[in-house]
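Chain naming here is simple, since letters A, B, ... match the order of the sequence lines and numbering starts at 1 in each.
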Number of protein chains: 2
Amino acid sequence: MNPTPLEKVVPMGNSKEALLLRLHHTPLFSAWPNDTIAPLLAQSQPLTLESGDILFAEGSPARSFYFLAVGRIHLITAAATGQEKIVEIIQPDDLFAEAVAFLGGRYPVTAQADATTTVLEIPLDLFVATLEQRPFLMRQMLARLSMRLHFLVKELRHLSVESAEQRLASYLLELCPVVNSPAAVDLPAKKAAVAARLGLTPETLSRVLSRMRKAGLIEVEQRTISIPDPLALRRWADGH
Amino acid sequence: MNPTPLEKVVPMGNSKEALLLRLHHTPLFSAWPNDTIAPLLAQSQPLTLESGDILFAEGSPARSFYFLAVGRIHLITAAATGQEKIVEIIQPDDLFAEAVAFLGGRYPVTAQADATTTVLEIPLDLFVATLEQRPFLMRQMLARLSMRLHFLVKELRHLSVESAEQRLASYLLELCPVVNSPAAVDLPAKKAAVAARLGLTPETLSRVLSRMRKAGLIEVEQRTISIPDPLALRRWADGH
DNA sequence: CGAGCTTTTGAGTACCGTCAAGTTAAGTGG
DNA sequence: CCACTTAACTTGACGGTACTCAAAAGCTCG
């Protein structure tokens, strides 16, 4: 029933040992030998943020990247008018901002906490130095960046040629583990944030959800959405 | 007066020597020793495409990347509805699709020729193998991907929170060499393609150009656009 | 229970896309 | 070189989608 159960199962006094274990389970570090991660971890330090705090700002020099242990982070980019677009919503056990390392860096987005959050701050210089000694890890890192590139290209398509219905449907279906059987997904943040992530206003998101509900395609209960037939949702959305 | 003078100055029988020279001037290869590029070039071959031809399709397995010698290529991503979004317009002397190399890959976009075009097809496997033997080159490649990531994030913002006026203004200003003195920019393709690149319809692009013209901010002559005061254009656009 | 959220619902509007016609430019063949 | 055809671009009228503003209803938590 707790909307953020993770905060309960992870001990707040995140020991370095526990963190090392969790780091080791991320796609990026899973292939790293333990004795490579350990020195990195030794130079890293946990940070705690309150909801609304800025971890780093768009354009500021990048010296670290981050592992999200507890809470939630929004990656935001702002326009001249002050309007904001959420590029990505970061979840626990995700790494983020590691891609900036190679540009001699400035952060391309702003990172803002959406709840009480603790992150592990990992220094980039040591990370890059380690990487350079192991071509295999570098190759893996390239694959990771390449994946992100694909993700962004897909996002670009969603934003430019898809309707609100299609965008939301795609988003929900991406959260679905399997597409050909009933599923229930939890929105990763409050609806206003999800709306911003999709390039919509909260009002529009609400209305689209309501339309889907009335069409019998989903059921909404707070932030939990049940999808009896994902494929039907896909078909319906593509017709709008 | 010729709209595509490049086709005249580059000998159509692109000798390998000439191509090597031009490759060496690209940001990616400028740091590569000659004896590293040569074997790569030996395995590569020039291809000629007519306008409309597909070089590779979204989702198809990637075995090569490309150097654009002559002509123009559109990188396109299509939605279920058939609507198309131009992700990028590739110009002569640009490299493209090199980022897919590391995903074991499939192309994330479709590449279509927009004019009679010749490209150099470079095999990925040899490229990656070379890269893996030289950490420095890998590092550089990571920087390149990182830059592309920044570019796409910026695009995302443009599409989601900016108006047609702002998008076009940003686009024109990016084509400007300097921002604080008068400039004349050439659109890199026909207006319909530029519109698709900006996520607009040709009609809307035409109207926005017309509004800018009437506001005295630009002058339009075919595909050449003069901007007497780039900063004024910026300010005007931000007010819309 | 009431204060401060988030979310929903409603009414009005603006922007941009669609459809259609007209104009200009470019390319083709006699 | 000039008629003719085709494509590129512009302009107009109209409509729909999604945004804005405003208010009410629903949660959450002290």
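- With rounding to whole Å, Arg207(A) atom CZ is found 12 Å from dA22(D) atom C1'.
- Ser44(B) and Glu121(B) form no side-chain donor-acceptor contact under 3.5 Å, judged by distance and modelled atom types alone.
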### Phe56(A) and Tyr66(A): CA distance, side-chain angles, deciding distance, ring pair (Phe, Tyr, Trp, His ring centres under 6.0 Å) verdict
CA-CA 11 Å; Phe56(A) 54 77; Tyr66(A) 300 89; 5.7 Å; yes

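- Residues Glu58(A) and Arg106(A) are not paired through a salt bridge, judged by the lack of any N-O separation under 4.0 Å between the basic side chain and the carboxylate.
- Leu205(B) places its CG atom 14 Å from the C1' atom of dT11(D), with the value rounded to the nearest Å.
- Checked for salt-bridge contact, Glu88(A) and Arg148(A) meet the test: a charged N lies under 4.0 Å from a carboxylate O.
- The interatomic distance linking Lys190(B) (NZ) with dA8(D) (C1') rounds to 8 Å, in whole Å.
- Annotation: side chain of Leu159(B) is not in contact with side chain of Leu198(B) (no heavy-atom distance under 4.5 Å).
- Surrounding CD of Glu219(B) are at most 12 heavy atoms belonging to other residues, nucleotides or ligands under 6.0 Å away.
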Please write out each protein N/O paired with an N/O of nucleotides 16-18 of chain D under 3.5 Å, distance rounded to 0.1 Å.
from, atom 1, to, atom 2, distance (Å)
dA18(D), OP1, Ala164(A), N, 2.8

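- Residues Arg197(B) and Glu155(B) are paired through a salt bridge, judged by an N-O separation under 4.0 Å between the basic side chain and the carboxylate.
- For DNA chain C, the span of nucleotides reached by chain A at under 4.0 Å from its heavy atoms goes, 5' to 3', from dT6(C) to dA11(C).
- When the shell of 6.0 Å around CD of Glu221(B) is examined, it contains 12 or fewer heavy atoms from other residues, nucleotides or ligands.
- Note on Arg223(A): every side-chain N or O is 4.0 Å or more away from OP1 and OP2 of dC27(D).
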